[in-house]
Amino acid sequence: MRLQASLLALAIVAPTAVRAEMDTCVAGLWLMDLDDFAHIYADTMGATAATATGDVRLRVFPDGKASIGINDLVLGVEMPDMPPLKVTLQGGTDYDMTFLGESSMSFVTDTFSITATADVMGMPMVIPISSDDGLFGAGLAEYGCSEDSLSVETGDPVRFPRHWTRLPCTARSCEGAPES
C-alpha cells in the first residue's frame with residue numbers, strides 16, 4: 001500500500017517535477033531475473049505454475065535512454081482446467097528514463113515492438129501486447145541499485161520486470177553505457 005501511495009504521489013507531481021540527475025548506478029547492461037518474471041506472469045494469468053527461459057537484457061545509457069531486447073523468452077504456464085500453455089515473446093522497446101529523486105523514476109516508451117505468440121493445443125495464436133497495458137510498458141517506479149543488482153517496483157499491476165543482474169559491459173554490448 002505504501003508503494004502505491006508513493007507512486008500516486010509521483011504521478012501527481014511528475015509532470016511538474018524538476019528532472020533529477022541521472023543515477024549513474026543504473027547505467028549499464030542488465031540481465032532480467034527469469035524466475036521472478038515467471039512468478040509475475042503466473043500471478044498475472046492466475047496460473048498455478050510458470051517457467052521462463054530465454055534472454056532479456058536492459059541497456060541503460062548515461063543520458064537516460066534505455067532499451068530492452070527480448071530473445072526467445074518462452075513462458076510455460078499451467079492454469080486450472082486448461083491444457084499447458086507456451087507463450088513466446090520477441091522484440092524490444094526503447095525508453096526515456098527521467099529520475100525524479102533519490103529512488104524514483106518514470107519511464108516513457110519511445111518505441112514498442114514486442115510480439116507474443118502462444119501455442120495452444122498445437123495451434124499458434126498471436127497475443128496482443130501494447131505499451132499501454134503490457135508488462136514492458138511505461139510507468140512510474142521506485143528503484144534500488146547496487147553494483148550488481150537493480151530492482152524496479154511499479155506497484156500493482158507490475159509494469160516492468162522487477163529484478164535485474166548487472167552484466168559485464170563492453171563498448172560493443174553497451175554502445176556508450178559505462179564499463180562495469
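Only this structure's heavy atoms are used, side chains among them; waters, hydrogens and symmetry mates stay out. Quick caveat, the model's predicted, so the values are computed rather than measured.
A donor-acceptor contact closer than 3.5 angstrom is absent between the side chains of N71 and Q90.
With contacts defined as side-chain heavy-atom distances shorter than 4.5 Å, the pair P161/I40 does not qualify. Under the 4.5 Å side-chain criterion, counting only non-hydrogen atoms from C-beta, I129 is in contact with L89. In this structure, the side chains of F136 and Y95 come closer than 4.5 Å at one or more pairs of heavy atoms.
The two residues S149 and W30 have their closest heavy-atom pair at C-CZ3, 3.4 Å. In terms of heavy atoms, C145 sits closest to R166 at SG-NH2, 4.1 Å. Between V56 and W164, the closest heavy-atom pair is O-CZ3, 3.9 Å.
Within the 3.5 Å criterion, the main-chain N or O of L29 finds no donor-acceptor partner in the side chain of R57.
In terms of the salt bridge (charged side-chain N to carboxylate O under 4.0 Å, His left out) criterion, D148 has no residue partners (sequence neighbours excluded).
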Would you tabulate the side-chain donor-acceptor contacts of residues 47-54 under 3.5 Å, counting partners in other chains and residues two or more places apart, or write 'none'?
residue	atom	partner	partner atom	Å
T48	OG1	E78	O	3.1

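Going from atom OG1 of T88 over to atom CD1 of I127 covers 9.0 Å, rounded to the nearest 0.5 Å. We find the OG1-CG distance between T165 and L58 to be 11.5 Å, quoted to the nearest 0.5 Å.
Applying the side-chain hydrogen bond (donor to acceptor under 3.5 Å, both in side chains) test to pairs two or more places apart or on separate chains, those with a residue in residues 110-126 are D94-T111.
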